[in-house]
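Below is one structure, written out as C-alpha cells; the observations come after it.
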Number of protein chains: 2
Amino acid sequence: MTRVSQKIQPFSQECNDCPIRHRAVCARCEADELTLLEQIKYYRSFEAGQTVVWAGDKMDFVASVVTGIATLSQTMEDGRRQMVGLLLPSDFAGRPGRETSAYDVTAATDLVMCCFRKKPFEELMIRTPHIGQRLLEMTLDELDAAREWMLLLGRKTAREKIASLICIIARRDASLQLNASDGELRFDLPLTREAMSEYLGLTLETVSRQVSALRKEGLIVTEGKRQIVIPDFDLLLEETGDDSDGGFLI
Amino acid sequence: MTRVSQKIQPFSQECNDCPIRHRAVCARCEADELTLLEQIKYYRSFEAGQTVVWAGDKMDFVASVVTGIATLSQTMEDGRRQMVGLLLPSDFAGRPGRETSAYDVTAATDLVMCCFRKKPFEELMIRTPHIGQRLLEMTLDELDAAREWMLLLGRKTAREKIASLICIIARRDASLQLNASDGELRFDLPLTREAMSEYLGLTLETVSRQVSALRKEGLIVTEGKRQIVIPDFDLLLEETGDDSDGGFLI
DNA sequence: CATCAGGTTTGATCTGCATCAAGGTGTTTC
DNA sequence: GAAACACCTTGATGCAGATCAAACCTGATG
C-alpha cells in the first residue's frame, strides 16, 4: 500500500452540487436544506481561459465547482500575477458577507459551476447553522492548504515546487477518481505551463525546464500533451522537500 | 487624513480575552457566554524565543494572544523555515477539531496567551452558534491575509517584501494603539531580522541590507533597536508594489 | 571593567532563476 | 495544405538574492 492510497479521503461524487463539500458522510444533507438550496441555485458554464469574475467586480453569488478547474489569482499593477487558490470539483468559491470578489476567478479548463445567489444563501446559513459549521471546516482546510502553499512559495526550489505541484494534483485527482492503483499513478495535468508558473511563483520557462528534467530522470512520464504518469509516487515525493510522513493533506 | 487612518478598524481592547476578536461591537459578548468562557480559561506566559508547542505535538487548547507576538512556522527536514502566521494581540490560535498542532508556535516577544481547554470550548461552540460564526469570519480574514502573503512570497522583490511587512505591522499596530497621528507614524518593530526573514522568505542578510537601503533613502527612520518611524506612510506604501487603493486590510 | 553572547551590519563571491530570443509541435481555420 | 495560432521547449546571458565570512553593536554577567 503506497502513501497515496493511505492518504486519500474519498468523498461522494453525488454531492458536487452541494455548496459545502462533504468529506465522508452525505446523509447530513437533510432534505429540506437541499430543497431550499434547489430554489436558489443555477448553473453557469465557462470555456477554458474565460474569466468568471474580475477582482473588484461585484459578485452576488457563491458557487461550487461541478466539473473542471477554476483558479483564484491576484494581479499587481505591473502585471505580475500570483495564483492564490486552485478550485477542483466540489471546491467552494465566494465569501459570504462580501460584496465584491477579492480575486480574479478564471476557468483553467472548461468549467461548470453551481451558483447560489448570495443573499438567500446567507439567509439559509443563518437558519441552518450546520452549513456554517461545514463552511468553517472547509475554510480551515483551505487555510491549512494556503499555509502549505506559503512554505512552497517562500522556501522551495523550482524543482521542489514542480514535484510538489504534481504530487498535489495527483493526490486530489486520485481522491476524486478513486483510480489509485498501487505504485503507478496516471492522471491529467490540466494546467498550462503558464498556469503552473502562476501557481508556483516561477516563470513558465523555468516550469518547462524542470518538468523536462523530471521527465529525463524518469521520475515522471508524459504521454501526449497533458497526461502524466508517475511510475513511483514515493520517489517523486522525495523531490518535494516535504516531510516524508505526516505531510499535507490538501 | 492619510490612508492609514482610513483603513483602521479599531476594536475594543477589553475583549482581548475573548477567544473571538471583535472588530467593532462588543455588546455581542453575551453575559452567559462570557461566564462559560471564564470557567474554562487560564493564562500562560512565555519568554521571547520560547516555543509554545511544536508541530505535531498534542495541543489540547485553543488560545488568543493577550500581549506580545506569537508566530506559526513550518520547518522542512533540512531546517529551512517559513513563517505562516503572525499572531498579534487578540488573534486566535488553534483549530477546533484537531488534536495536534500543525505548526511550531513560538513566542516572538514576551507573550501572554489566554487559553481555553479545547474540549469544553468545542462544546461551547455547539451551544452558542455565534461563536462559530465569528470564528468563521476570522478564519476567512486569515485566509485573505494568507493569500495576500502568498502574493508577497511568490512575486515581490526583497525591497517590496520589506516595505510590505513594515506597512502591515504599522497598520496592525496603529489599529491596536490608535496612535495614528497623520503623516508620521511611530511604532515598535518587535521582530528580529531572523523572524522577518522567516516571514518574508528571505535570508536575514538580505533583510538587513534592504532595511538599511530604506533607511538611507529616508523612507523609514530607525530609533534605537526596534523603534521605527515612518515619516510618510503613503511614500512607503508605493514601495510595496501593492495597488495603491483597495489593497489589503489585515 | 573585561568578557561574552545575541543580534546586526557589511563585504565578496556564487548561483538559481529570470529574462530575452528563437524555434518546435499540434490544432484550428479557410 | 498552408497559414495562423496557442502552447511548449531549449539556448544564451544577466542579475537579485543566497552564501560565506568577518566585524560591529549593545546590553548582560562575572
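Keep in mind that what you see is a predicted model, and the values were worked out from it rather than measured. Chain letters run A, B, ... following the sequence lines, proteins first and then strands; every chain starts at 1.
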Has B:R215 got a side-chain N or O lying under 4.0 Å from the OP1 or OP2 atom of C:dT9?
yes

Would you kindly give the CG-to-C1' distance between B:L204 and C:dT10, to the nearest whole Å?
12 Å

Between C:dC17 (C1') and A:Q210 (CD): distance, integer Å:
9 Å

Measuring to OP1 and OP2 of D:dC7, would you say a side-chain N or O of A:T192 lies under 4.0 angstrom away?
no

Please report the distance, rounded to the nearest Å, between CZ in B:R193 and P in D:dC24.
19 Å

Is there a side-chain hydrogen bond (donor to acceptor under 3.5 Å, both in side chains) between B:T222 and B:R215? Walk through the geometry before answering.
CA-CA 7 Å; B:T222 53; B:R215 176 160 21 84; 3.2 Å; yes

Of all the nucleotides listed (C:dG11, C:dT9, D:dT10), which has the minimum atom distance to the side chain of B:R209?
C:dG11

Nucleotide D:dA18, atom P - distance to CG of B:L202 in whole Å:
5 Å

Within the side chain of B:S197, is there an N or O that forms a donor-acceptor pair under 3.5 Å with the backbone of B:E194?
yes

Are the side chain of A:R147 and the backbone N or O of B:V84 linked by a donor-acceptor pair below 3.5 Å?
yes

Does D:dT19 have OP1 or OP2 sitting under 4.0 Å from an N or O in the side chain of B:T203?
no

To the nearest Å, how far apart are A:L214 CG and D:dT9 P?
12 Å

Atom-to-atom span, CG of B:L153 to P of D:dG17 - whole angstrom:
13 Å

Take the protein atom CD of B:E160 and the nucleotide atom P of D:dG17, then report the distance between them rounded to whole Å.
9 Å

note: A:K156, atom NZ; D:dA18, atom P; distance rounded to Å ~ 18 Å

Touch check for A:G201, heavy atoms < 4.0 angstrom, all strands: base, sugar-phosphate only, or nothing?
sugar-phosphate

Determine whether any donor atom in the side chain of B:E205 lies under 3.5 Å from an acceptor atom in the base of D:dC20, or the reverse, and answer yes or no.
yes

For A:S208, answer base if it contacts any base atom (sugar-phosphate contacts may also be present), sugar-phosphate if it contacts only those atoms, and nothing otherwise; contact means non-hydrogen atoms under 4.0 Å.
base

How are the rings of B:Y199 and B:W149 set to each other: parallel, tilted or perpendicular (split at 30° and 60°)?
parallel

Can you confirm whether the side chains of B:D188 and B:Q227 place a donor and an acceptor under 3.5 Å from each other?
yes

